[in-house]
Amino acid sequence: MNITPDQVICWQWGPIVINATLIYTWLIMVLLVVLSRLVTPRLSTGPRLSRLQNLLEVVVDFVRQQIAALGQREPERYLPFVGTLFIFIAVSNLLSVVPGFLPPTGSLSTTTALAACVFSAVPWFGIRQQGVMGYLRNYTRPSVLMLPFNIIGEFSRSLALAVRLFGNIMSGSMIGAILLTVT
């Protein structure tokens, strides 16, 4: 049993290795691009919406409500980034029910890359909203003594995001395999 799709080597030529994580990640990206290309020309603002457009509007509205509830700010600024992460992770995890599909979110390298995106996006959005000095000032609140703890908190939050997603998907795959073995 493979714990992570990184262990499944599909092709190797010297130091160049293509594993299941890369293949399934690219398959999901192609699937999402093809679906968006199919939906985009048929977008409508009228009373009749296609089923796919209706589904996408439900997803976008759900993500918008979550951002508004958690951030208590206007969600439109964060919607493209958070929505992209949400859709990629959701499709990756939903496709794990397909036999033979290994979700790329079950790989620590993928979850680390997603956490690195979040780690770089937080300062980006913070600086765009508050300016450089306003954002950096947040690290010294409530006291300058909090600076090292706030910096450590930034790194640990990103690490926790990566490990939690990896652990959830990996454990779900293992529990499924155990149940199939018992059955």
Side-chain angles (χ1 to χ4, degrees), residues 5 20-98 101-139 141 150-151 153-169 172:
T21 301
L22 287 172
I23 290 173
Y24 290 126
T25 301
W26 279 95
L27 282 174
I28 290 171
M29 290 189 307
V30 167
L31 175 71
L32 292 176
V33 167
V34 167
L35 283 175
S36 65
R37 295 291 270 163
L38 290 174
V39 171
T40 305
R42 296 185 183 103
L43 290 178
S44 168
T45 57
R48 292 204 28 95
L49 302 176
S50 69
R51 289 182 182 197
L52 199 51
Q53 181 180 351
N54 200 9
L55 173 70
L56 289 176
E57 287 188 15
V58 167
V59 170
V60 168
D61 190 50
F62 171 76
V63 173
R64 181 180 288 126
Q65 288 175 1
Q66 293 299 311
I67 295 170
L70 294 173
Q72 298 178 349
R73 295 199 170 102
E74 68 285 344
E76 280 68 28
R77 176 179 295 163
Y78 312 105
L79 187 63
F81 178 72
V82 175
T84 301
L85 284 176
F86 174 79
I87 290 172
F88 177 78
I89 293 169
V91 169
S92 296
N93 296 344
L94 288 173
L95 286 178
S96 67
V97 299
V98 174
F101 183 84
L102 298 171
T105 49
S107 164
L108 193 56
S109 58
T110 301
T111 59
T112 303
L114 294 172
C117 291
V118 172
F119 181 76
S120 60
V122 168
W124 170 260
F125 287 119
I127 290 171
R128 282 185 59 199
Q129 184 171 355
Q130 302 169 347
V132 175
M133 294 310 294
Y135 177 74
L136 293 176
R137 208 173 295 125
N138 287 330
Y139 284 105
R141 289 192 182 142
N150 287 331
I151 292 172
E154 288 289 323
F155 285 108
S156 65
R157 180 184 64 221
S158 298
L159 178 65
L161 286 171
V163 173
R164 276 193 348 228
L165 181 58
F166 167 71
N168 288 338
I169 303 308

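Any value given below was found using the heavy atoms of this structure, including those in side chains, with hydrogens, waters and symmetry copies removed. In this chain, numbering begins with 1 at the start of the sequence shown.
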Sequence neighbours excluded - ring pair (Phe, Tyr, Trp, His ring centres under 6.0 Å) pairs with any residue from residues 29-54: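 Not a single pair qualifies under ring pair (Phe, Tyr, Trp, His ring centres under 6.0 Å).
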
Sorted by first residue and then second, give each ring pair (Phe, Tyr, Trp, His ring centres under 6.0 Å) pair with at least one member in residues 35-76; sequence neighbours left out.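 For residues 35-76: Phe62-Phe86.
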
State the [atom1]-[atom2] distance between [X] and [Y], to the nearest 0.5 angstrom.
| X | Y | atom1 | atom2 | value |
| --- | --- | --- | --- | --- |
| Leu56 | Leu43 | CG | CG | 8.5 Å |
| Leu52 | Arg42 | CG | CZ | 9.0 Å |
| Ser92 | Phe101 | OG | CZ | 6.0 Å |
| Leu95 | Leu27 | CG | CG | 9.5 Å |
| Ile28 | Ile23 | CD1 | CD1 | 12.5 Å |
| Leu108 | Ile169 | CG | CD1 | 12.5 Å |

The criterion is salt bridge (charged side-chain N to carboxylate O under 4.0 Å, His left out); which residues satisfy it with Arg164, sequence neighbours excluded?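 Partners of Arg164 under the salt bridge (charged side-chain N to carboxylate O under 4.0 Å, His left out) test: none.
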
My understanding is that only residues two or more places apart in sequence, or in another chain, count here; which of them pass side chain to side chain contact (heavy atoms under 4.5 Å, CB included) with [X]?
| X | answer |
| --- | --- |
| Val58 | Asn54 |
| Ser44 | Leu49, Gln53 |
| Ile89 | Asn93, Thr105, Leu114, Leu165 |

Can you list everything that forms a side chain to side chain donor-acceptor pair (under 3.5 Å) with Thr111? Sequence neighbours excluded, please. none

Output every pair passing salt bridge (Lys or Arg N to Asp or Glu O under 4.0 Å) with a member in residues 22-31, not counting sequence neighbours, ordered by first then second residue.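 For residues 22-31: none.
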
Taking only residues at least two apart or on different chains, which pairs with a member in residues 46-65 satisfy salt bridge (Lys or Arg N to Asp or Glu O under 4.0 Å)? Arg64-Glu76

Run the side-chain donor-acceptor check on residues 153-162: report pairs under 3.5 Å with partners two or more places apart or on a different chain.
residue	atom	partner	partner atom	Å
Glu154	OE1	Arg157	NH2	2.8
Ser156	OG	Ile152	O	3.1
Ser156	OG	Gly153	O	3.1
Ser158	OG	Glu154	O	3.3

Would you check, one step at a time, whether the test side-chain contact (heavy atoms from CB on, under 4.5 Å) holds for Val82 with Gln66? CA-CA 10 Å; Val82 175; Gln66 293 299 311; over 6 Å; no

Mind listing the side-chain donor-acceptor pairs of residues 116-129 below 3.5 Å, one per line with the distance, residues two or more places apart or on another chain?
residue	atom	partner	partner atom	Å
Ser120	OG	Ala116	O	3.2
Ser120	OG	Cys117	O	3.0
Gln129	OE1	Tyr78	OH	2.9

Can you name the residues that form a ring-ring contact (aromatic ring centres under 6.0 Å, His included) with Phe88, not counting sequence neighbours? none

